[in-house]
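Along the sequence shown, residues are numbered consecutively beginning with 1. What's counted below: heavy atoms across the whole structure, side chains too, no hydrogens, waters or symmetry copies. Indexing begins at 1, ligand by ligand and atom by atom, following the structure's order.
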Amino acid sequence: MKYDDQNIFAKILRGEIPCKKVYEDEYILSFYDINPQKKIHVLVIPKGKYVNLDDFSNNASSEEIVGLLKGINTVAKKLQISFDTGNGYRALSNIGEYGGQEVPHLHFHLFGGEKIGKMVE
Ligand code: AMP
C-alpha cells in the first residue's frame, strides 16, 4: 500500500493540523487522541512515512525502529504510566482492514491511567 501524504497524521506532522502534543524528538511525535477511549489515551507515531507496523518493520532503518520503541517508553514515563513510574498501560497498533486501522500512518495507541480491561472486546 502506497503512503498517502494527505492522511491526518501526515498533516499533523507537517503542522497543518494542530495536536495536543505530549512529546517529540527526532524519531517520533506523541499527542493525545482526539477521541479518548480511556482516562489516558495518547498516540505515538514515527516521523517517517510508514503506513503500518508491517511497512515499518520491512522498511524502516534500525535507528527509526529503536527510536520508536524507546520513544514509547519515554512517553509512558512522561505520563507516569510506565511499569517503573506507574501502574502500567497497553500499547496497541491496528494494522490494515481486519486490524481496524483507520488512519494509514503507523501509530501506537497508549492506554493507561486506569485498568484497561479485556484485550479484545
Ligand atoms: P486507528 O483506528 O488505530 O487507525 O486509530 C486512529 C485514531 O486516531 C483514533 O483513535 C482517532 O480518535 C484518532 N484521531 C483521528 N484524528 C485525530 C486527530 N486529528 N488528533 C488526534 N487523534 C486523532
Side-chain angles (χ1 to χ4, degrees):
M1 183 183 178
K2 197 176 165 297
Y3 184 82
D4 172 14
D5 271 311
Q6 293 309 312
N7 79 74
I8 196 118
F9 294 169
K11 290 181 179 177
I12 287 175
L13 280 169
R14 290 196 296 267
E16 294 167 11
I17 288 178
C19 70
K20 202 172 155 201
K21 192 192 290 185
V22 174
Y23 174 79
E24 180 173 16
D25 64 22
E26 184 183 350
Y27 296 107
I28 64 152
L29 175 66
S30 175
F31 49 93
Y32 285 94
D33 195 290
I34 205 166
N35 182 24
Q37 302 298 312
K38 291 291 170 188
K39 205 164 173 183
I40 295 175
H41 182 179
V42 304
L43 301 170
V44 179
I45 70 174
K47 289 196 167 171
K49 297 179 179 185
Y50 300 104
V51 175
N52 57 37
L53 187 59
D54 287 337
D55 182 21
F56 187 72
S57 300
N58 281 326
N59 298 308
S61 67
S62 301
E63 289 78 13
E64 288 176 301
I65 292 171
V66 171
L68 176 60
L69 284 179
K70 286 202 171 286
I72 288 171
N73 178 250
T74 301
V75 170
K77 279 182 174 150
K78 187 161 187 202
L79 295 170
Q80 296 193 297
I81 59 174
S82 74
F83 188 65
D84 48 350
T85 64
N87 295 315
Y89 63 104
R90 181 167 300 156
L92 178 152
S93 188
N94 296 319
I95 301 162
E97 183 189 352
Y98 277 22
Q101 182 178 7
E102 288 170 8
V103 179
H105 180 112
L106 170 60
H107 51 282
F108 275 87
H109 298 257
L110 306 191
F111 301 104
E114 62 184 323
K115 284 202 174 173
I116 304 309
K118 271 179 75 173
M119 192 156 76
V120 179
E121 299 279 333

Pull out every atom of ligand 1 sitting under 4.0 Å from any heavy atom of [X], numbered as shown with elements.
X	answer
Asp33	7 (C), 8 (O), 9 (C), 10 (O), 11 (C), 12 (O), 13 (C), 22 (N)
His109	1 (P), 3 (O), 5 (O), 7 (C), 10 (O)
Tyr32	21 (C)
Asn35	12 (O)
Asn94	1 (P), 2 (O), 3 (O)

May I ask you to check whether [X] has an N/O atom sitting below 3.5 Å from an N/O atom of ligand 1?
X	value
Leu43	no
Ile34	yes
Phe31	no
Gln101	no

Single hit among Ile72, Ile45, Val75 for side-chain contact (heavy atoms from CB on, under 4.5 Å) with Ser30: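 That would be Val75.
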
With sequence neighbours excluded, residues passing side-chain contact (heavy atoms from CB on, under 4.5 Å) with Ala10: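 Ala10 satisfies side-chain contact (heavy atoms from CB on, under 4.5 Å) with Tyr3, Asn7, Arg14 only.
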
Interatomic spacing from NE2 in His109 to NE2 in His41 - rounded to 0.5 Å: 5.0 Å

Nearest-0.5 Å distance, OH of residue Tyr27 to OG1 of residue Thr74: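 It is 12.5 Å, given to the nearest 0.5 Å.
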
Distance to 0.1 Å, residue and atom name: give those for the protein heavy atom nearest to [atom].
atom	answer
atom 2 (O) of ligand 1	Gly100 O, 3.2 Å
atom 1 (P) of ligand 1	His107 NE2, 3.1 Å
atom 4 (O) of ligand 1	Glu102 N, 2.6 Å

If we only consider heavy atoms of [X], is any one of them less than 4.0 Å away from an atom in ligand 1?
X	answer
Cys19	no
Gln37	no
Lys20	no

Residue pair His105, His107: steps toward the ring pair (Phe, Tyr, Trp, His ring centres under 6.0 Å) verdict: CA-CA 6 Å; His105 180 112; His107 51 282; 8.0 Å; no

Exceeds 12 heavy-atom contacts within 6.0 angstrom, atom CD of Glu16: yes

More than 12 heavy atoms of other groups within 6.0 Å of Asn73 CG: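 Counting other residues, nucleotides and ligands, CG of Asn73 exceeds 12 neighbours.
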
Minimum heavy-atom distance between Ile28 and Gly71, given as atom pair plus value: CD1-CA, 3.5 Å

Residue part near ligand 1, for Phe9, under 4.0 Å between non-hydrogen atoms: side chain

Residues Asp5, Lys49: salt bridge by 4.0 Å N-O rule: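 Looking at Asp5 and Lys49, the cut-off is met.
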
Donor-acceptor pair, side chain of Gln101 and main chain of Val51, under 3.5 angstrom: yes

